[in-house]
Student: 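Below is a structure I'd like to ask you about.
Per chain, numbering begins at 1; letters A, B, ... match sequence-line order. What you see is a predicted model; the values in this text were computed from it and never measured.
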Amino acid sequence: DAGVIQSPRHEVTEMGQEVTLRCKPISGHNSLFWYRQTMMRGLELLIYFNNNVPIDDSGMPEDRFSAKMPNASFSTLKIQPSEPRDSAVYFCASSSRDSKETQYFGPGTRLLVL
Amino acid sequence: KQEVTQIPAALSVPEGENLVLNCSFTDSAIYNLQWFRQDPGKGLTSLLLIQSSQREQTSGRLNASLDKSSGRSTLYIAASQPGDSATYLCAVTLFSGGYNKLIFGAGTRLAVHP
């Protein structure tokens with residue numbers, strides 16, 4: 001089992017540019033979560049998908065952030081336009097009822113917006 | 001609003017010492033509590049999951065306890081080793097909005113020196 005896969009692992013971009021983060025959940029998992037981790041705010045849930053449908057996007061900070069899950073094996077988190085305050089580590093996690101809802105985290109994408 | 005607090009924020013101990021990490025939460029209506037480990041530049045790994053009806057869980061040198069009524073959990077690490085150096089995160093699961101949502105503490109950064 002390859003675990004949750006995220007790409008890219010590191011991203012450096014300039015303010016105003018579009019950033020797209022990608023996630024492949026563990027096969028068979030029907031829940032997918034996007035988190036953001038910063039020193040100031042810790043780990044925060046951005047959005048939760050179940051069976052490819054967004055269930056809770058109340059953590060998405062503003063309209064510059066959007067997330068999609070076109071199928072069970074792929075999700076994207078997009079920031080457009082990016083700002084320096086978006087610099088953080090973005091994690092994707094997946095879970096299923098069979099795993100007693102333990103969430104399995106990917107390695108994260110470290111984003112730096114200059 | 002559920003808040004999760006971890007004390008201490010950082011801890012440095014010599015190898016071989018037994019240690020306790022503390023976690024407190026404000027709302028006792030939790031589904032379960034998990035302890036995660038995070039290594040620098042890596043994702044989170046679930047160490048122990050305690051269901052709300054349980055009092056403790058053990059895995060090797062790790063033992064986690066849960067006292068729901070007082071809103072506290074402790075992670076006990078026996079005979080600490082340099083390989084235990086990492087950040088330990090406590091998270092409670094709430095059933096909110098039709099799904100199980102993880103609320104994280106800020107973590108305890110542990111350094112075990114030889």
Side-chain angles (χ1 to χ4, degrees), chain A residues 1-10 21 23-26 29-51 53-59 88-112, chain B residues 1-10 21 23-27 30-54 57 59 62 64 66 86-109:
Chain A
D1 186 353
V4 175
I5 299 172
Q6 291 187 248
S7 65
R9 293 293 310 277
H10 302 273
L21 312 181
C23 174
K24 176 178 169 55
I26 292 173
H29 283 188
N30 64 351
S31 294
L32 184 139
F33 306 81
W34 281 100
Y35 291 90
R36 178 173 66 177
Q37 186 177 40
T38 61
M39 288 293 292
M40 291 297 295
R41 300 175 67 90
L43 259 170
E44 302 174 288
L45 176 66
L46 298 177
I47 188 168
Y48 161 57
F49 290 90
N50 184 258
N51 292 325
V53 175
I55 302 299
D56 182 4
D57 65 355
S58 61
V89 182
Y90 292 81
F91 289 102
C92 175
S94 70
S95 73
S96 77
R97 287 200 171 273
D98 292 338
S99 63
K100 297 182 181 179
E101 313 202 11
T102 296
Q103 292 183 26
Y104 295 86
F105 282 74
T109 295
R110 189 172 297 272
L111 173 65
L112 178 61
Chain B
K1 179 185 173 185
Q2 178 72 270
E3 293 185 0
V4 181
T5 304
Q6 291 189 244
I7 294 173
L21 309 182
C23 172
S24 62
F25 47 95
T26 54
D27 186 345
I30 64 171
Y31 184 65
N32 61 41
L33 182 144
Q34 292 187 73
W35 284 92
F36 289 86
R37 169 180 173 143
Q38 184 176 23
D39 292 284
K42 303 283 181 64
L44 280 68
T45 301
S46 181
L47 297 172
L48 290 165
L49 184 152
I50 311 175
Q51 299 293 349
S52 62
S53 57
Q54 297 176 321
Q57 282 286 334
S59 176
L62 305 180
L66 173 63
T87 296
Y88 291 81
L89 293 153
C90 167
V92 297
T93 301
L94 297 175
F95 189 76
S96 172
Y99 73 100
N100 292 303
K101 186 173 185 176
L102 276 177
I103 309 295
F104 285 88
T108 293
R109 192 168 60 254

Student: Work out which heavy atom in B:Ile30 is nearest to a heavy atom in B:Gln2; give both atom names and the distance.
Tutor: CG2-NE2, 3.6 Å

Student: Name the region of B:Ile103, side chain, backbone, both or neither, that has any atom closer than 4.5 Å to a heavy atom of chain A.
Tutor: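 Neither part.
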
Student: Between B:Thr108 and B:Pro8, what is the shortest heavy-atom contact and its length?
Tutor: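 So the minimum-distance heavy-atom pair works out to OG1-O, 2.5 Å.
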
Student: Is A:Arg41 close to chain B through its backbone or its side chain, or both, or neither, when contacts mean heavy atoms under 4.5 Å?
Tutor: neither

Student: Using only atom types and a distance under 3.5 Å, with no angle test, would you say the side chain of A:Thr38 pairs donor to acceptor with the backbone of A:Ala88?
Tutor: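 Not at all, since once roles are kept as given, no pair shorter than 3.5 Å links the two residues.
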
Student: Using a 3.5 Å distance criterion without hydrogens, assess whether the side chain of B:Gln34 forms a donor-acceptor pair with backbone atoms of B:Ile50.
Tutor: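 No; judged by distance alone, with no hydrogens or angles, the pair does not exist.
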
Student: Name the region of A:Gln37, side chain, backbone, both or neither, that has any atom closer than 4.5 Å to a heavy atom of chain B.
Tutor: side chain

Student: If we define contacts as heavy-atom pairs under 4.5 Å, which of A:Phe91, A:Phe105, A:Phe33, A:Tyr35 has the most with chain B?
Tutor: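 Going by pairs under 4.5 Å, I would pick A:Phe105.
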
